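Note sheet for the following structure.
What you are looking at is a predicted structure, and each value in this text was computed from that prediction instead of being measured.
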Amino acid sequence: MTDFINGIYTLWNQIVYAVLHISIFDLLDIIIIAYIISKAIHFLRESRGGQLVKGLIILVIAYTLSIWFDLVTVRWLLTKVMDWGIIALAIIFQPELRRALERIGRSKFGHFGHGYTTDAETLKAAVDSVCVAVQSMHDQRIGALIVFERTTSLGDIINTGTLIDANTSSQMVGNVFYPKSPLHDGALIIRDGRLLAAGCILPLTANPNLSSQLGTRHRAAIGMSEVSDAVILVVSEETGKISLVQNGTIERGFDQIRLREELYRLIIQNDESGENDSIVSKIKNVIDRIKPVKKNEGEDK
């Protein structure tokens, strides 16, 4: 009992010592690691990575038991499995790994290039025109697939279609998706408030858990949102329902007013506040708050 109390006392002293002697670099280190862990947990929850972690835990437990009980053959087999397991996992989970790297690349932390124009009025006019056109297509049961490009460049997708590079208007959007139009089957790409290309081919999602009611347009929209940060609109040809897709999730049943509000929030407001939401800015804010404290401590000395 005395050893236990001494152990608790020693641990408490070590914790107090660590807290009193923590530096700005220690805080920065903790913030970065906490951010990485939170993102990793989020990624594992929404992918097959969760099952992967469970499988690894089971293998580790089995390997530990084989050592305790001196199971030579089992230990040898598990050792071989772990030796080749990394290569096998890289092949099996290649889509998940690719998706994770793409998310890192298109994050605000890793973004150094293309982005929306700072002309908010142009973007608002484009959103208004698209909403009017989408409502009209909803009323007439005309299918549509519209992609708003954001920070992830969609050059490879644009190359699969026909370049139009025109000002955005409800009439132009309606003409693109008119049933007898040669471009109505593909996707319309909007960049910086302009209709850039039409008839583009989007990648289909491989998610097996989607509803069977979702058609090719919806699956293409979800697939596009899984590999980019684009905002995609879908109008169902069968029901006329308007759907919005982002980050692999789909929300259905929009009307013109609600759709306009959501597009304003995702495309215009997000772009204006993007710098304040980045991890670099968050870390910088923490450092800026700590620096004056350090300076005052130096002056007191």
Side-chain angles (χ1 to χ4, degrees), residues 42 46 103 106-108 111 114-152 154 166-177 187-196 198 202 205 210-211 213-215 217-278 281:
H42 179 72
E46 64 182 19
R103 289 187 178 182
R106 70 172 184 252
S107 65
K108 295 180 177 68
H111 170 58
H114 173 74
Y116 264 125
T117 174
T118 55
D119 186 0
E121 293 302 320
T122 300
L123 296 179
K124 288 181 180 179
V127 168
D128 291 341
S129 299
V130 169
C131 289
V132 172
V134 166
Q135 183 63 44
S136 176
M137 289 184 284
H138 160 77
D139 297 336
Q140 302 177 60
R141 302 290 176 86
I142 296 176
L145 184 57
I146 303 173
V147 180
F148 283 90
E149 183 188 59
R150 298 176 71 196
T151 59
T152 303
L154 304 180
N167 291 326
T168 302
S169 66
S170 58
Q171 294 83 359
M172 279 292 297
V173 176
N175 286 338
V176 168
F177 292 106
L188 174 65
I189 310 296
I190 299 179
R191 172 188 287 177
D192 290 342
R194 293 181 62 83
L195 307 180
L196 190 61
L202 305 185
T205 179
L210 294 178
S211 170
Q213 297 179 353
L214 297 179
R217 281 193 180 92
H218 296 85
R219 293 177 183 274
I222 295 173
M224 185 76 265
S225 71
E226 289 174 343
V227 298
S228 73
D229 65 345
V231 176
I232 304 107
L233 302 180
V234 185
V235 180
S236 173
E237 189 172 354
E238 289 75 20
T239 64
K241 287 185 177 180
I242 303 171
S243 303
L244 187 146
V245 184
Q246 186 193 26
N247 293 331
T249 61
I250 181 170
E251 187 176 355
R252 310 178 71 184
F254 281 86
D255 57 26
Q256 181 177 344
I257 297 176
R258 183 164 164 251
L259 179 64
R260 180 184 290 109
E261 293 175 351
E262 190 67 10
L263 290 177
Y264 278 177
R265 183 183 69 83
L266 292 174
I267 297 175
I268 301 174
Q269 295 178 4
N270 268 10
D271 181 68
E272 291 175 348
S273 62
E275 292 184 1
N276 294 329
D277 294 335
S278 67
S281 298

- Apply side chain to side chain contact (heavy atoms under 4.5 Å, CB included) to A198 and list each qualifying residue two or more places apart in sequence or on a separate chain.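 A198 satisfies side chain to side chain contact (heavy atoms under 4.5 Å, CB included) with I164, V176, L183, L188 once adjacent residues are dropped.
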If I take atom [atom1] from residue [X] and atom [atom2] from residue [Y], how far apart are they, to the nearest 0.5 angstrom?
{"X": "I242", "Y": "L259", "atom1": "CD1", "atom2": "CG", "result": "6.0 Å"}
{"X": "D128", "Y": "L123", "atom1": "CG", "atom2": "CG", "result": "11.0 Å"}
{"X": "K124", "Y": "T122", "atom1": "NZ", "atom2": "OG1", "result": "11.0 Å"}
{"X": "I232", "Y": "I189", "atom1": "CD1", "atom2": "CD1", "result": "8.5 Å"}
{"X": "F177", "Y": "S136", "atom1": "CZ", "atom2": "OG", "result": "12.5 Å"}
{"X": "M224", "Y": "L145", "atom1": "CE", "atom2": "CG", "result": "10.0 Å"}

- T249 side-chain N/O to Q246 backbone N/O, donor-acceptor pair under 3.5 Å: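 At least one qualifying donor-acceptor pair exists.
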- Message: Assess the residue pair H218 and S236 against the criterion (side-chain contact (heavy atoms from CB on, under 4.5 Å)); give the C-alpha distance rounded to whole Å, side-chain angles, the decisive distance to 0.1 Å, and a yes or no.
- Response: CA-CA 8 Å; H218 296 85; S236 173; 4.0 Å; yes
Non-hydrogen atoms of [X] and [Y] that approach each other most closely:
{"X": "M172", "Y": "N167", "value": "CG-O, 4.2 Å"}
{"X": "E238", "Y": "R141", "value": "O-NH1, 3.3 Å"}
{"X": "R252", "Y": "I250", "value": "CG-CG1, 4.1 Å"}
{"X": "V235", "Y": "R217", "value": "O-CD, 4.2 Å"}
{"X": "Q256", "Y": "V132", "value": "NE2-CG2, 3.6 Å"}
{"X": "F148", "Y": "V127", "value": "CE2-CG2, 4.4 Å"}

- Message: Counting C-beta onward and ignoring hydrogens, is there a side-chain heavy-atom pair between V147 and I190 closer than 4.5 Å?
- Response: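 V147 does not reach I190 side chain to side chain.
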- Run the numbers on R219 and I222 for side-chain contact (heavy atoms from CB on, under 4.5 Å), then give the verdict. CA-CA 5 Å; R219 293 177 183 274; I222 295 173; 5.7 Å; no
- Message: Checking E251 now: which residues fulfil side chain to side chain donor-acceptor pair (under 3.5 Å) with it, not counting sequence neighbours?
- Response: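 Side chain to side chain donor-acceptor pair (under 3.5 Å) list for E251, sorted by chain: R258.
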- Task: Could you give me the CA-CA distance, side-chain angles and deciding distance for E226 and T205, then say whether side-chain contact (heavy atoms from CB on, under 4.5 Å) is met?
- Result: CA-CA 8 Å; E226 289 174 343; T205 179; 2.9 Å; yes
- Message: One pair to check against side-chain contact (heavy atoms from CB on, under 4.5 Å): L196 and L154. What are the steps and the verdict?
- Response: CA-CA 11 Å; L196 190 61; L154 304 180; over 6 Å; no
- Going by atom types alone, do D139 and Q135 pair a side-chain donor with an acceptor below 3.5 Å?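 Distance-only check passes for D139 and Q135.
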